Amino acid sequence: MRILIDGLDMAGKTTLVRALIAEFASRGISATRHRGMLAEHHPLEQVLRQLSSARQPDSWWTTTAYLVGGFALDSLLVRFDPPRPYNAVIIQDGYADRTVAFGMAGGPYLAAALFLRWPKLLAPFDLAIYLHASPAARAKRIAGRDYVDCRDVRSVQDSAFAERFHAFHVHGMGRRHRRLLVVDSSDRKPGDMARVIADEAFALTRDGSSVGGRLTALRRDLPPHPPRRDPA
């Protein structure tokens, strides 16, 4: 099983990944944290990392390079070269979903618009968790960090950008996964969220739901569906 934890910066992704690994361990299931491309051997992953460190991380060029040379290729490679270990639940800490949402909220950039239109060109996950948090909660978290980059600051200070990101993220990219949970982490403990997610994962293995699944919202104030925008 592959589980994705994705969302805006300071939403609590890494903290939830750790809590979920611990929750699975308490149930006798091996789980491991995974970052970057899914394929065990991706020929361009190191190059892309160097590119993102040298350029503005949300530029049109970096967005295009990651989506086309990184994630689109990854969806092909992972079919023959899946992540290891093979006998563990893979919990992915961030993936292409946030790259597309960033590209639409910050651009819109053409590559992001194309993958928003055809999201199933990207590798799907059995269960995706989209994390959200209030501006106040994320501002408190960023204040406790020793180092933050420009994306962290923008996502906290620019509320209009954050709202666009959430809308494109949930309503645009969420439909490509087998099942999606949308969780507000502002006032929820990581352990409590992890138990809900683990229960959903076990239910997923029992009912054998098909790809295309259903949206389960753990909050009622979801952002509105984004208006159509000209990607050019």
Side-chain angles (χ1 to χ4, degrees), residues 2-17 20 58 63 66-67 71 75 91-109 111-138 141 151-152 154-156 158-188 190 192-194 196-197 199-201 203-204 209-229 231:
R2 295 201 301 251
I3 299 175
L4 170 63
I5 308 296
D6 204 44
L8 201 59
D9 299 293
M10 304 297 150
K13 297 184 296 297
T14 301
T15 302
L16 179 57
V17 168
L20 189 54
D58 62 348
T63 299
Y66 260 92
L67 288 176
F71 296 117
S75 69
I91 303 178
Q92 181 76 15
D93 189 344
Y95 197 63
D97 305 51
R98 58 184 268 113
T99 303
V100 172
F102 260 109
M104 291 303 297
Y109 304 133
L114 292 175
F115 281 94
L116 185 72
R117 175 65 180 83
W118 292 289
K120 291 188 178 181
L121 292 175
L122 302 168
F125 288 78
D126 299 294
L127 177 60
I129 315 301
Y130 285 179
L131 281 184
H132 298 270
S134 68
R138 290 187 293 111
R141 292 167 186 171
R151 285 181 300 184
D152 298 330
R154 182 179 186 183
S155 67
V156 171
D158 189 342
S159 58
F161 173 85
E163 289 176 3
R164 292 195 301 272
F165 176 95
H166 294 329
F168 287 113
H169 199 217
V170 174
H171 298 293
M173 300 306 294
R175 56 199 167 103
R176 72 189 194 86
H177 301 294
R178 181 176 176 184
R179 190 163 296 183
L180 172 67
L181 298 179
V182 180
V183 182
D184 187 341
S185 66
S186 300
D187 55 0
R188 287 185 172 90
D192 294 340
M193 293 187 290
V196 172
I197 294 166
D199 288 342
E200 189 73 16
L204 192 62
S209 299
S210 60
V211 173
R214 65 182 174 84
L215 170 66
T216 302
L218 298 188
R219 54 178 295 189
R220 294 183 178 179
D221 54 332
L222 290 179
H225 193 285
R228 287 185 177 272
R229 300 178 65 182

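Positions are given from 1, in the same order as the sequence printed here. Quick caveat: nothing in here was measured; it's all calculated off a predicted structure.
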Is there a side chain to side chain contact (heavy atoms under 4.5 Å, CB included) between Glu200 and Ile129? Walk through the geometry before answering. CA-CA 11 Å; Glu200 189 73 16; Ile129 315 301; over 6 Å; no

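- For Phe125 and Tyr95, the gap between ring centers is short of 6.0 Å.
- Between the NZ atom of Lys13 and the CG atom of Leu4 there is a distance of 10.0 Å, given to the nearest 0.5 Å.
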Would you sort out whether Ile197 and Leu181 count as a side chain to side chain contact (heavy atoms under 4.5 Å, CB included), showing the intermediate values? CA-CA 8 Å; Ile197 294 166; Leu181 298 179; 4.1 Å; yes

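- How far CG of Leu116 is from CE of Met104: 5.5 Å, rounded to the nearest 0.5 Å.
- Closest approach of Thr15 and Pro190 over heavy atoms only: CG2-CG, 3.6 Å.
- Here the CG atom belonging to Leu131 is positioned 8.5 Å from the CG atom belonging to Asp6, to the nearest 0.5 angstrom.
- Residues Arg98 and Leu8 are not in side-chain contact: their nearest non-hydrogen atoms beyond the backbone lie 4.5 Å or more apart.
- The shortest distance between side-chain heavy atoms of Leu180 and Arg175 does not fall below 4.5 Å.
- Residues satisfying the salt bridge (charged side-chain N to carboxylate O under 4.0 Å, His left out) test with Asp97, not counting sequence neighbours, are Arg176.
- A donor-acceptor contact closer than 3.5 angstrom is absent between the side chains of His177 and Asp126.
- A 4.5 Å side-chain heavy-atom check between Val183 and Tyr130 finds every atom pair outside the cut-off.
- For Asp158, the side-chain contact (heavy atoms from CB on, under 4.5 Å) partners two or more places apart in sequence, or in a different chain, are Arg154, Ala160, Phe161.
- With hydrogens and angles disregarded, a donor-acceptor distance shorter than 3.5 Å links the side chain of Ser185 to the backbone of His132.
- Side-chain N or O atoms of Arg2 include one that pairs as donor or acceptor with a backbone N or O of Pro124 at under 3.5 Å.
- The ring pair (Phe, Tyr, Trp, His ring centres under 6.0 Å) test applied to Tyr66 returns no partner, not counting sequence neighbours.
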Pair Ile5-Ile91, side chain to side chain contact (heavy atoms under 4.5 Å, CB included): steps then yes or no: CA-CA 7 Å; Ile5 308 296; Ile91 303 178; 3.9 Å; yes

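- In terms of heavy atoms, Leu122 sits closest to Ala96 at CD1-CB, 3.8 Å.
- Between Asp9 and Phe102 there is a side-chain heavy-atom pair separated by less than 4.5 Å.
- Distance alone, capped at 3.5 Å, is enough to place a donor-acceptor pair between the Arg138 side chain and the Ala133 backbone.
- Distance alone, capped at 3.5 Å, is enough to place a donor-acceptor pair between the Arg188 side chain and the Asp184 backbone.
- Note that the CG atom of Leu204 and the CD1 atom of Ile3 stand 8.5 Å from one another [nearest 0.5 Å].
- Across all their heavy atoms, Ala112 and Thr63 have their closest contact at CB-CG2, 4.4 Å.
- The main-chain N or O of Met10 is found under 3.5 Å from a side-chain atom of Arg141 such that the two form a donor-acceptor pair.
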Audit row: Val100, Phe168, side chain to side chain contact (heavy atoms under 4.5 Å, CB included) steps and yes/no: CA-CA 8 Å; Val100 172; Phe168 287 113; over 6 Å; no

